[in-house]
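For reference, the structure is listed below as structure tokens.
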Amino acid sequence: MAESSCPSSSAAAPSITITLPDGSTRTYGQGVTGLEIAESIAKSLAKAAIAVKVDGQQRDLCDPIMTDAAFEIITLDSDEGLEIMRHTVAAQILACAVKNLYPEAKLAIGPTIENGFYYDVEFKEPLSEDDLDKIEKEMRKIKESNAPIQKSLNSKDQAVKAFEKRSEPYKVKIIEESGQEDNFQLYAQGETGFIDLCRGPHLPSLKHVGAFKLMKVAGAYWRGDQNNQMLTRIYGTAWRNDKELKEYLQMLEEAEKRDHRKLGAQMDLFHFQEEAQGSVFWHAKGFVIYNQLENYIRRRLRDVDYQEVKTPQLIDNKLWEKSGHWGKFRENMFVVPDEVPNTDEDGPVITGKGRLMAIKPMNCPAHVQIFNQGIKSYRDLPIRMAEFGCCHRNEAHGALHGLMRVRQMTQDDAHIFCREDQILDEVKAFVELFYAVYQDFGFTDIQIKLATRPEVRAGDDAVWDRAEAAMAQGLEALGLDFEVTPGEGAFYGPKYEFHLRDAIGRTWQCGTCQLDFVLPERLGASYIGEDGDKHIPVMIHRAVFGSLERFAGILIESTGGKLPLWIAPVQAVVATITGDADGYAQEIYDRLFALGLRVELDTRNEKINYKVREHSVAKVPVIFVVGNREADEKTVAVRRLGGKDQEMMSLDAAIESLVTECKPPY
RNA sequence: GCUGCUGUAGCUCAGUGGUAGAGCGCACCCUUGGUAAGGGUGAGGUCGAGAGUUCAAUUCUCUCUAGCAGCACCA
């Protein structure tokens, strides 16, 4: 029999001091529960309470408090409260509904995620999205029961038995491999017989549950390992009430309109097709964006002492063997035989006897080849070598995603060859450059990760210590918050990852900065030090945008296609109201064109309403509208995207201000 | 690569075991209109590819392929 964790506090118990968030203190008997404290403060508070925080730790309302502690009550109004509610919806309502409808289903895990939750379940038959309605209906039934949720603490043996009895092998595995021996928390739902294993806390009762909706089903590997069984993951979202849920769903709908793949088609920027899976066909308008990005970063790099190079696309696999890519990265490489194809009708196209070449997946080995030409002195370092290198990676089909994940990409790549004592300065300079650039694009929601040494690595620990310290310092020096992801570094060195969000909140790594102690040595890079001896330089792989494709995708989504003037594929349209103004419009167009602006002329036989709407939908930032009046007075009516009114300006002034506005920020 | 879903006109999407429809767009005509859709007429599709079941397949089944969502992997 499980022992209850919710004993009533005994009057004879020694007293403890509870400190409330406002700083006031209260005295209670040892073992007092959060609920009892809440009741002693106010009845309404006890009613709204769903969990508590004891010394910053989330606990259930029924947990006894044994020592002096800082104490806080969690209600649904807080983010924490909402998350607890989502957790309960997953673990108690979704899981229970699944078991009611599919008794043979095996429950795995059901955590919360941003805006919702999921549950991984093994089903006998595949589950499709159509089944979600049925499950959701069952969930509503369960919610309406308003059942209380009771916790019990169990020994390992008791917990294992409870789940073996219910034939839940995943739960048993979790318990057995937890490394924990006692105090397994099982949450039971009223008299239903349903239990779930959970860290908690949970709502004290289902009556606190607000509005929820199941969103989608997908596959997910057990424990995130692709060698394991694939389970069915059911995603859902939950909110305090119907209104919040509706708002969230509407927000998602709006966000989908900003999807770069949708805008790419609507705005005639690029397309993809079967025959070149995962590679972009940039249309004229889209390529403007690409070129603007490239030229912008080129100007930036020039001013911080980078030199630009260009290296071969096809390189003999011998070099890839030497660099280590053949061993570590080959499954992501495209390999071509260096052989004249057989032209016989029936014969095989290639014999397979030719030497193998690989299309480069990265630029780094080629950059070392340039570094290796001639003898380098310590005085030459650092050498910052940049390349807008076009790389091909044979990405898994399921990984491809519009511009965000492609098989042919161009990185704003560079490699810095430096001495170990220069690492900190170089890393700092990079982060400064990175931030200056992202500011120009208005990106502020940037997640920074510092990925540190993995288990399998090259280089000795003293070097790793120094490298990781330098990288942490580089961020700290600029006062930036970052998350350390231990073990996530490359085998050759620690790295920064800079992540940006897309329209629906998925994050994508864009910028990166990686230290490398291995490649220069493998490829024989060296410099003559002050001491006259040969030394191996450190190599820093770094990219600000990451890939131009991905960055363009993120930019399109973050702006909803309303690109800043300097990047906009069409900066202005000159549109006529009547055919009488065609000559004047042409004159304006010619002047803007001569000034290097990207401008279009619209003298079509359409009403001005129609033209304005069409160019607005196409997200052209500025429309110069001209009719007879403007032609007579040498003026233009300037209409800006999203604006309600137009501004009458003299032609000269309008052109001058447009030219100024179209200037890049750098 | 794995799991599930989807593939019909340039785009968005209906629809059917008897070889297809709408809106937008496009072309032509009328309209010269003052800031987010003026009117008329017309042209467009081997219904993703292949195989099977059937008298008959765009529709049912299988395989392949691509896309979407997620997982794994990664800029």
Side-chain angles (χ1 to χ4, degrees), chain A residues 113 118 120 123 126-132 215-235 256 259 261-262 265-266 268 271-275 277-278 329 331-332 361-362 391 393-406 409-413 488 490 497-500 504 506 508-512 514 541 543-551 553-554 575-582 603-618 623-630 637-647:
Chain A
I113 48 174
Y118 65 77
D120 284 350
F123 287 95
L127 193 74
S128 89
E129 234 137 89
D130 299 336
D131 299 315
L132 292 184
M215 305 294 284
K216 54 199 173 193
V217 296
Y221 299 107
W222 163 240
R223 294 209 156 131
D225 184 336
Q226 63 175 332
N227 299 312
N228 287 343
Q229 161 113 29
M230 180 155 276
L231 307 173
T232 302
R233 179 169 293 180
I234 303 173
Y235 284 91
E256 272 167 31
D259 187 313
R261 292 163 302 185
K262 214 169 231 174
Q266 277 165 16
D268 191 20
H271 84 270
F272 291 90
Q273 65 186 51
E274 278 193 36
E275 293 86 345
Q277 199 191 359
F329 205 73
E331 61 176 28
N332 286 301
M362 296 179 189
C391 294
R393 295 185 187 173
N394 199 342
E395 300 285 357
H397 292 70
L400 301 175
H401 182 96
L403 293 177
M404 306 299 194
R405 189 80 178 267
V406 291
M409 57 156 170
T410 304
Q411 295 171 294
D412 64 321
D413 198 14
E488 298 280 298
E497 290 178 9
F498 299 92
H499 295 254
L500 291 178
I504 62 169
R506 292 175 292 211
W508 298 90
Q509 184 186 323
C510 291
T512 183
Q514 318 185 359
H541 310 246
V544 180
F545 289 153
S547 84
L548 292 170
E549 288 82 2
R550 178 177 290 182
F551 195 82
I554 293 272
T576 51
I577 292 168
T578 143
D580 296 340
D582 286 0
T603 53
R604 288 175 305 169
N605 174 17
E606 294 292 350
K607 288 198 171 178
I608 191 61
N609 288 316
Y610 182 91
K611 294 185 186 181
V612 165
R613 177 175 192 277
E614 197 178 82
H615 297 123
S616 300
V617 168
I623 306 175
F624 279 6
V625 178
V626 292
N628 285 325
R629 207 156 60 218
E630 288 78 10
V638 181
R639 188 193 165 94
R640 283 165 192 284
L641 182 55
K644 281 235 150 68
D645 309 314
Q646 62 274 8
E647 187 186 358

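We use all heavy atoms of the structure for the numbers below, so side chains are in, but hydrogens, waters and symmetry mates are not. Proteins come first, then strands; the chains are lettered A, B, ... in the order of their sequence lines, and each starts at number 1.
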Sugar-phosphate only, base, or nothing, as touched by A:Leu231 at under 4.0 Å among non-hydrogen atoms: nothing
Backbone N/O of A:Pro361 and side chain of A:Arg393: donor-acceptor pair under 3.5 Å: yes
Integer-rounded Å distance: B:rU32 P and A:Asp580 CG: 11 Å
Nearest heavy-atom neighbours spanning A:Asp131 and A:Pro126: OD2-O, 4.3 Å
Touch class at under 4.0 angstrom, heavy-atom based, for A:Ala637 against every strand present: base
Opposite nucleotide pairing with B:rA36, Watson-Crick or G-U, both atom distances under 3.5 Å: none
Comparing A:Ala218 and A:Thr512 on RNA chain B - which has the more 5′ nearest nucleotide: A:Ala218
Sugar-phosphate, base or nothing in reach of A:Met404, heavy atoms under 4.0 Å: base
Exam field: side chain A:Arg550 to backbone A:Val406, donor-acceptor pair closer than 3.5 Å: no
Closest listed nucleotide, where the reference is the side chain of A:Lys607 and the choices are B:rA75, B:rG38, B:rG4: B:rG38
Sugar-phosphate, base or nothing in reach of A:Asn628, heavy atoms under 4.0 Å: base
Residue whose nearest RNA chain B nucleotide is more 5′ - A:Met230 or A:Phe329: A:Met230
Any-strand Watson-Crick or G-U partner of B:rG25, both distances under 3.5 Å: none
B:rC73 base / A:Arg405 side chain donor-acceptor hit below 3.5 Å: yes
Span that lies between the C1' atom of B:rU16 and that of B:rC47, in whole angstrom: 11 Å
Residue A:Glu331 excluded, over 12 heavy atoms near CD under 6.0 Å: no
Sugar-phosphate only, base, or nothing, as touched by A:Ala543 at under 4.0 Å among non-hydrogen atoms: nothing
Phosphate contact (B:rA75 OP1 or OP2) by A:Gln514 side-chain N/O below 4.0 Å: yes
B:rG15 to B:rA20 separation - C1' atoms, rounded to the nearest Å: 8 Å
B:rG18 to B:rA56 separation - P atoms, rounded to the nearest Å: 14 Å
Atom pair distance, as rounded to whole Å: CZ in A:Arg233 and C1' in B:rC5: 17 Å
Whether A:Glu549 side chain and A:Thr410 backbone form a donor-acceptor pair below 3.5 Å: yes
Check: A:Glu275 side chain, B:rA66 base, donor-acceptor under 3.5 Å: no
Nucleotide B:rG34, atom C1' - distance to CD1 of A:Ile623 in whole Å: 13 Å
Syn or anti conformation of B:rG44, syn meaning chi within 90° of 0: syn
Pairing nucleotide - B:rG70, Watson-Crick or G-U, each distance under 3.5 Å: B:rC2
Pair assignment for B:rA9, Watson-Crick or G-U wobble, requiring both distances under 3.5 Å: none
Spacing of CE belonging to A:Met404 relative to CZ belonging to A:Arg261, to within rounding of 0.5 Å: 8.0 Å
Quiz item: A:Gln273 side-chain donor-acceptor pair to B:rG67 base, under 3.5 Å: no
Under 4.0 angstrom between A:Arg639 side-chain N/O and B:rG34 OP1 or OP2: no
Under-4.0 Å side-chain N/O to phosphate OP1/OP2 contact, A:Arg506 with B:rA69: yes
Sugar-phosphate only, base, or nothing, as touched by A:Arg223 at under 4.0 Å among non-hydrogen atoms: nothing
Side-chain N,O (A:Arg261) to OP1/OP2 (B:rA69) below 4.0 Å: yes
Sugar-phosphate only, base, or nothing, as touched by A:Tyr235 at under 4.0 Å among non-hydrogen atoms: sugar-phosphate
Sugar-phosphate only, base, or nothing, as touched by A:Gly224 at under 4.0 Å among non-hydrogen atoms: sugar-phosphate
Contact under 4.0 Å: A:Gln226 side-chain N or O vs B:rA72 OP1/OP2: no
Contact under 4.0 Å: A:Tyr610 side-chain N or O vs B:rC24 OP1/OP2: no
Partner nucleotide, any strand, of B:rU58 [Watson-Crick/G-U, under 3.5 Å]: none
Integer-rounded Å distance: B:rA66 C1' and A:Leu400 CG: 11 Å
Side-chain N or O of A:Arg604 closer than 4.0 Å to phosphate OP1/OP2 of B:rU32: no
N/O (side chain, A:Gln277) to phosphate O (OP1/OP2, B:rA66) under 4.0 Å: yes
Interatomic distance, A:Glu606 CD vs B:rC28 C1' [rounded to whole Å]: 13 Å
B:rC28 versus B:rA36 - spacing of their P atoms, nearest Å: 27 Å
Sugar-phosphate only, base, or nothing, as touched by A:Ser616 at under 4.0 Å among non-hydrogen atoms: base
Short side-chain N/O contact to B:rA75 OP1/OP2 from A:His401, under 4.0 Å: no
Euclidean distance for P, B:rU58 against B:rG50 (whole angstrom): 10 Å
Nearest to side-chain heavy atoms of A:Tyr221, which nucleotide of B:rG34, B:rC2, B:rG4: B:rC2
Span that lies between the C1' atom of B:rA43 and that of B:rU3, in whole angstrom: 44 Å
Pairwise C1' distance, B:rA14 and B:rA9 [rounded to whole Å]: 13 Å
Euclidean distance, A:Asp120 CG relative to A:Gln229 CD, rounded to 0.5 Å: 11.0 Å
Pairing nucleotide - B:rC64, Watson-Crick or G-U, each distance under 3.5 Å: B:rG48
Nearest listed nucleotide, side chain of A:Glu395, among B:rA36, B:rC73, B:rA69: B:rC73
Distance, C1' atom - from B:rU19 to B:rG45, rounded to whole angstrom: 11 Å
Nucleotide nearest A:Thr578 (side chain, heavy atoms from C-beta), chosen from B:rU32, B:rG34, B:rA75: B:rU32
Nearest non-hydrogen partners of A:Ile234 and A:Leu132, listed with the distance: CG2-CD2, 3.8 Å
Closest approach of A:Leu500 to A:Cys510 (non-hydrogen atoms, all atoms of both residues): CD1-SG, 4.0 Å
